[in-house]
Structure formats: C-alpha cells, structure tokens
Asker: 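Once you've had a glance at the structure underneath, I'll fire off some questions.
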Amino acid sequence: MKNKIFFSLFAAFIFLGCKTQITTIKQQTINNTPIKEHTIQSLLWVQNAAEYKALTYQAYNLAQLRLDQILANNDYEKPIAIVTDIDETLLDNSPYSGKQIELDENYTSDRWAEWVAQKKANAIPGALAFFKYAETKNVTIFYISNRSAVQTKETIENLQLKGFPFADETHVLLKTNNSEKGTRRSHVNKTHEIVLLLGDNLSDFSSIFENSTTDKRNKNTDSLHTSFGNKYIVLPNPMYGDWETKGLYEGNYNWTDSQKDSIRHKKITSY
C-alpha cells in the first residue's frame with residue numbers, strides 16, 4: 001500500500017513537473033518569436049511571386065486603357081492630371097522591409113531615412129512605362145506621398161534616377177504637418193482635372209478612408225465599388241498599410257508586440 005502511494009505521488013510529481021516545463025517552453029517560444037516573423041511570407045511574395053508582378057502589370061495596363069478612354073472623350077476645361085502615391089505604387093521599398101526582418105525591428109524613422117537616402121528603390125513593374133506614356137499624351141503627373149517633406153530631395157532624385165517624368169518640387173508633394181492627403185489633392189484640383197488616382201492604400205484615393213476602422217473601410221469600399229478600376233487604380237501591398245495600423249490595430253500605436261500578435265490571431269476567420 002505504501003509503495004502504491006509512493007508511486008502515485010511520484011507520478012503526480014513527474015506529471016506536474018512536465019506540465020510546468022511544457023508551459024515554460026511554450027512561454028519561452030512566444031517570448032522568443034521574432035517581432036517581424038509574421039511579415040516574412042508577405043515580403044517573400046512581393047519579392048518572388050510572379051503573381052505579384054502580374055497584378056502590378058494588370059493595374060498599369062488597366063490604367064492605360066482608362067487613360068485612353070478618358071483622352072478620347074476629353075471635354076474638361078482644365079488640363080488633365082494623374083495623382084499617384086509613390087511607395088509600393090511606383091517605387092519598390094521591399095528591401096527596407098527585408099532590413100526590418102533581418103534586424104528584427106519595427107518601423108523607425110531613422111532606419112527609413114537611411115533607406116530613402118540611398119535612393120535605391122526600383123520601379124514597380126509596369127509603372128515607368130505607364131507614366132512615360134501619360135507624359136507623351138500631355139498628361140501631368142503629381143506625386144502625393146506621405147514621405148516626410150525633409151526627404152524631398154532624395155525622393156526626387158530617386159524618381160529621376162528611374163526615369164519618372166515630372167519629378168520636381170512642383171509635382172512631388174510630400175507630408176508636412178500631417179499625413180492627410182485630401183488637402184494636397186485639393187491643391188492639385190485647383191489647376192488640373194484629376195482623372196486617375198493610383199495607390200496601394202485607400203487613403204490615396206479619398207479622405208473617407210482616413211483613420212477608419214476595418215469595418216468602416218470595408219463599408220466605404222463597397223459604397224465606392226464602381227470607382228475601382230475606373231478612376232481608382234489599386235496596387236497590391238500585403239506588407240504594411242492602413243489596413244493594418246488603422247484597421248487591425250484600430251489606430252492604437254501603443255500595443256505591445258505580444259498584444260499585436262494576439263490581435264492578429266483574434267481577427268482570423270476560421271471554421
């Protein structure tokens with residue numbers, strides 16, 4: 001009887017010890033998971049998948065078709081203009097995302113400035129051909145980006161190195177006081193008729209998408225569904241954007257990495 005009690009207690013001790021050890025290992029695994037691990041798949045897709053290139057070519061082919069249609073029926077009183085975003089719309093910054101993964105760090109303005117200063121961002125497939133085509137049709141290009149205005153010189157030089165037209169201080173409108181783009185679009189609209197807008201983020205097209213939750217972003221997208229492929233041309237970007245910061249994380253920039261991981265898992269739909 002004593003032996004049975006001894007072995008029962010011993011087994012219970014071993015079980016509890018193993019359970020504690022497993023819990024500790026799980027906790028260590030969670031704590032040691034790289035903070036940018038969740039972005040690897042999207043970055044690999046952008047840098048390697050032919051499907052990504054196919055989508056960007058598709059977007060710019062559609063933009064040219066729409067531009068031709070607009071020009072064929074041009075009855076605007078003002079000169080025609082196209083407004084475009086820069087990053088992940090016509091310049092590829094995926095190497096910066098690669099550096100984030102390599103160093104396992106979140107976005108920092110210093111690291112971003114380091115990348116921008118190198119002026120090494122390549123053109124998104126299809127972008128250069130489209131904007132050069134638009135130039136031959138006497139269509140003005142305005143670049144509205146939320147890069148900081150202090151990066152104007154490097155940004156213009158990067159665009160010029162890649163051959164983009166209208167790459168000068170008059171046509172490159174970067175962020176000054178805030179990231180809202182509506183004011184800059186209104187500035188362009190005073191002198192030009194904006195017939196096409198290109199971007200990878202919905203706020204590149206309309207102010208109704210500024211600071212919106214996931215639910216509101218989706219409802220507004222449904223309400224404007226006829227504009228996409230017509231006046232709004234969207235480029236794919238699974239790496240970052242308002243869909244994540246303003247949508248998934250609800251505009252809260254104070255979540256810990258652990259909290260953000262929990263939010264991502266919570267918002268997955270399964271069956």
Side-chain angles (χ1 to χ4, degrees), residues 34-40 42-48 52-53 56 59-60 82-132 135 140-181 183-185 187-188 197-201 203-204 235-246 249 253 257:
I35 61 176
K36 300 302 290 184
E37 183 76 17
H38 68 284
T39 68
I40 289 178
S42 59
L43 176 62
L44 288 172
W45 185 77
V46 167
Q47 293 185 337
N48 295 275
Y52 169 74
K53 278 188 176 181
T56 63
Y60 280 110
I82 294 173
V83 166
T84 180
D85 175 50
I86 294 177
D87 299 312
E88 278 48 75
T89 298
L90 55 85
L91 287 183
D92 171 16
N93 299 284
S94 63
Y96 167 74
S97 296
K99 180 61 71 173
Q100 285 183 289
I101 291 171
E102 178 187 321
L103 299 176
D104 195 31
E105 66 179 20
N106 286 312
Y107 170 86
T108 67
S109 56
D110 288 344
R111 186 76 62 201
W112 172 250
E114 175 183 277
W115 162 248
V116 171
Q118 293 186 35
K119 297 170 281 190
K120 290 183 178 180
N122 289 319
I124 297 288
L128 182 58
F130 170 71
F131 288 110
K132 292 181 80 169
E135 182 187 27
T140 306
I141 312 299
F142 287 92
Y143 303 90
I144 297 181
S145 166
N146 278 337
R147 288 187 175 199
S148 172
V150 300
Q151 297 170 329
T152 298
K153 181 176 181 293
E154 301 100 306
T155 300
I156 289 174
E157 289 176 356
N158 198 159
L159 291 170
Q160 290 175 343
L161 285 168
K162 297 306 170 183
F164 285 99
F166 298 97
D168 55 47
E169 291 191 7
T170 300
H171 298 90
V172 176
L173 309 176
L174 304 188
K175 179 178 66 176
T176 52
N177 297 324
N178 60 66
S179 60
E180 192 272 331
K181 292 185 173 182
T183 302
R184 283 170 278 169
R185 287 193 292 265
H187 173 75
V188 172
L197 296 100
L198 295 95
D200 65 305
N201 201 44
S203 58
D204 294 328
L235 278 295
N237 178 9
M239 297 181 294
Y240 67 88
D242 285 354
W243 65 270
E244 180 185 30
T245 55
K246 307 290 177 59
Y249 303 145
Y253 291 88
D257 292 312

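Residue numbers count from 1 along this sequence. Reckoned from all heavy atoms, side chains included, excluding hydrogens, waters and symmetry mates.
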Asker: With a 4.5 Å cut-off on side-chain heavy atoms, are Thr155 and Tyr143 touching?
Answerer: no

Asker: Given 3.5 Å as the limit, does a donor-acceptor pair link the side chain of Asn146 with the main chain of Ser179, or not?
Answerer: yes

Asker: Looking at side-chain heavy atoms only, is the closest gap between Thr140 and Val188 below 4.5 Å?
Answerer: no

Asker: Working to the nearest 0.5 angstrom, can you tell me the gap between Asn122 CG and Asp92 CG?
Answerer: 6.5 Å

Asker: Taking all atoms of both residues into account, what is the closest heavy-atom pair of Tyr240 and Trp243, and its distance?
Answerer: O-NE1, 3.2 Å

Asker: Assess whether side chain to side chain contact (heavy atoms under 4.5 Å, CB included) is satisfied between Ile86 and Leu159, documenting all intermediate values.
Answerer: CA-CA 9 Å; Ile86 294 177; Leu159 291 170; 4.2 Å; yes

Asker: Less than 4.5 Å apart, any side-chain heavy atom of Tyr52 and any of Ile124?
Answerer: yes

Asker: About how many Å separate CD1 of Ile156 and CG of Leu174, when rounded to the nearest 0.5 Å?
Answerer: 7.5 Å

Asker: Ignoring hydrogens, what is the shortest heavy-atom contact between Glu154 and Lys119? Give both atom names and the distance.
Answerer: O-CG, 3.5 Å

Asker: Can you name the nearest heavy-atom pair linking Lys181 to Asp85, along with the distance?
Answerer: NZ-OD1, 3.1 Å

Asker: When you compare the side chains of Asn201 and Ser203, does any donor N or O come within less than 3.5 Å of an acceptor on the partner?
Answerer: yes

Asker: Take atom NE2 in His38; do more than 12 heavy atoms of anything else shown fall under 6.0 Å from it?
Answerer: yes

Asker: Could you tell me whether the side chain of Arg185 reaches within less than 4.5 Å of the side chain of Leu197, counting heavy atoms only?
Answerer: yes

Asker: Considering all heavy atoms of both residues, which atom of Asp204 and which atom of Gly199 are nearest to each other, and what is their separation?
Answerer: OD2-CA, 3.3 Å

Asker: Tell me if a side-chain donor or acceptor on Ser148 pairs with a main-chain N or O of Gln151 at a distance below 3.5 Å.
Answerer: no

Asker: Taking all non-hydrogen atoms of both residues, which atom of Leu235 and which atom of Glu88 are closest, and how far apart?
Answerer: CB-O, 3.8 Å

Asker: Could you check whether any side-chain N or O of Thr56 sits under 3.5 Å from a backbone N or O of Pro125, counting only pairs where one atom can act as donor and the other as acceptor?
Answerer: yes

Asker: Under a 4.5 Å cut-off applied to non-hydrogen side-chain atoms, are Phe166 and Phe142 in contact?
Answerer: no

Asker: From Glu135 CD over to Lys132 NZ, what is the distance, rounded to the nearest 0.5 angstrom?
Answerer: 8.0 Å

Asker: Find the distance between CD (Glu157) and CG (Leu161) and round it off to the nearest 0.5 Å.
Answerer: 7.0 Å

Asker: Minimum heavy-atom separation for Met239 to Ser94, with atom names?
Answerer: SD-CB, 4.0 Å

Asker: Do Arg147 and Trp112 have side-chain heavy atoms sitting under 4.5 Å apart?
Answerer: yes

Asker: In Å, rounded to the nearest 0.5 Å, how long is the span from CG of Asn93 to CH2 of Trp115?
Answerer: 6.0 Å

Asker: Taking atom types as modelled, is there a side-chain donor on Asp87 or Asn237 under 3.5 Å from an acceptor on the other?
Answerer: no

Asker: Would you say Arg184's side chain and Ser145's backbone share a donor-acceptor pair under 3.5 angstrom?
Answerer: yes

Asker: When Thr170 is tested against each of Val172, Leu173, Asp168 for side chain to side chain contact (heavy atoms under 4.5 Å, CB included), which residue passes?
Answerer: Asp168

Asker: First locate atom OH of Tyr60, then atom CZ of Phe131, and finally report the distance between them rounded to the nearest 0.5 Å.
Answerer: 4.5 Å

Asker: Less than 4.5 Å apart, any side-chain heavy atom of Leu198 and any of Leu90?
Answerer: no

